[in-house]
Amino acid sequence: MNAPEAVLVTGATGLVGRRLVTRLLDNGVAVRALSRRPEPAAGAIDPRAVAMRWDGARLPAQAVRGANAVVHLAGEPVFGGLPTRARKRRMRSSRIDTTRGLVETIGTVPDAERPGCLVCASAVGFYGEQGDDTLDESAVPGEGFLAELCRDWEAAAARAGEHGLRVVSLRMGIVLAREGGALPMLALPFRFGLGGRMASGRQWLPWIHIDDLVTMIHTALGNDAWQGPVNAVAPEPVRNADFTRALARVIRRPARIPVPAFALRTALGELAHEMLDSRRAVPNRALQWGFEFAYEHVETALAEALTGPTRRSPGALP
Ligand SMILES: NC(=O)c1ccc[n+]([C@@H]2O[C@H](COP(=O)([O-])OP(=O)(O)OC[C@H]3O[C@@H](n4cnc5c(N)ncnc54)[C@H](OP(=O)(O)O)[C@@H]3O)[C@@H](O)[C@H]2O)c1
């Protein structure tokens, strides 16, 4: 273990960023939290962090200088509206161009002040549609907008290796948390008795509980064995229909009204692939490196995320 002392986090006001910043601070790590609007976002950023402003395009060199590691989570939300051409451009540039800019900035920083590690978000969307095939990190990328976005994003991050950084790209499944992301949106129709599987329900849906994701990022930051693409998903992938049944049981509502594929395509455009594509992703690398999941089973994870007490972070690194 080689725990970092100072970490720069982009997307620090987001779902994952907020929990990560607090976890790092709880573990004695100094955090520089980047936001495009640090003042209004002040409530969203743990006050123990140093909040820094950036323009959402180019990371300032003074934010990078002296940080031992960078966690790059910023990105235009995928489910923040219809995928118009302008939004798709923002989705790509806020991830890929910022990563390229970050790598260039890192290259300008003298060796002694350069971070040693970059942990960059990616997504299981990398795999596109792959039916029932089991997908470990060696699986080939898929096709379509999100698959290409993830592929280019990972390629941009990997270039930090040219400046001597250890690079980890976390291919995240749907992050289960009560305070944001997809889960509150998925749970809403169930609360009105209108929930149901999506399309055939046979598509595999990779997921991860937010506590496990944050532990994974924390572990990746401090552990030199972690390198390259890593499936940030629970070891038990489920089909959409199983996820739906588990959700209905946790909320204690029926799951009787399936959502047809055409309705998702009408509402979400090509982003419907996120819900309809089948990706049976498994966390081979994390398990090989000895990572222990606190939430292996979807129903337990959903119960904690939706109804359980707000847990403090599980604490120190394993
Ligand atoms: N949550 C999931 O289920 C999930 C699954 C797979 C992958 N991921 C990826 O993991 C990363 C973190 O996820 P998250 O759920 O924490 O995301 P999030 O809650 O949407 O937060 C992302 C942060 O990025 C910043 N941001 C938003 N639009 C931006 C833009 N156009 N340019 C620059 N910065 C922008 C925002 O910070 P400021 O407004 O403060 O600048 C925001 O707090 C994202 O890149 C996401 O794609 C998430």
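Atoms within each ligand, like the ligands themselves, are counted from 1 in listed order. Owing to the predicted nature of the structure, the values given are computational and were not obtained by experimental measurement.
With ligand atoms numbered from 1 in the order given, ligand 1 contributes 6 (C), 7 (C) to contacts under 4.0 Å with heavy atoms of Ala123. For ligand 1 and Ser122, the ligand atoms under 4.0 Å from any heavy atom of the residue are 7 (C). Which parts of ligand 1 touch Ser35 is read off a 4.0 Å heavy-atom cut-off, strictly below it: atoms 38 (P), 40 (O), 41 (O).
Side-chain atoms of Tyr127 and Arg171 include a donor-acceptor pair closer than 3.5 Å.
Under a 4.0 angstrom heavy-atom cut-off, Arg37 registers as being in contact with ligand 1. Proximity of Val78 to ligand 1 is not established, as no heavy-atom distance is less than 4.0 Å. The closest approach between any non-hydrogen atom of Gly173 and ligand 1 is below 4.0 Å.
Heavy atoms of Phe126 found under 4.0 angstrom from ligand 1: none, in either backbone or side chain. With a 4.0 Å cut-off on non-hydrogen atoms, Arg90 does not touch ligand 1 at all. Contacts between Ala182 and ligand 1, counted as non-hydrogen atom pairs separated by less than 4.0 Å, are absent for every part of the residue.
Polar contact with ligand 1: present for Arg36 (N/O pair, distance under 3.5 Å). Between Leu73 and ligand 1, a contact under 3.5 Å exists for at least one N or O pair. Distances between N or O atoms of Val16 and those of ligand 1 include at least one value under 3.5 Å. Considering backbone and side-chain atoms alike, Glu76 places an N or O below 3.5 Å from some N or O of ligand 1.
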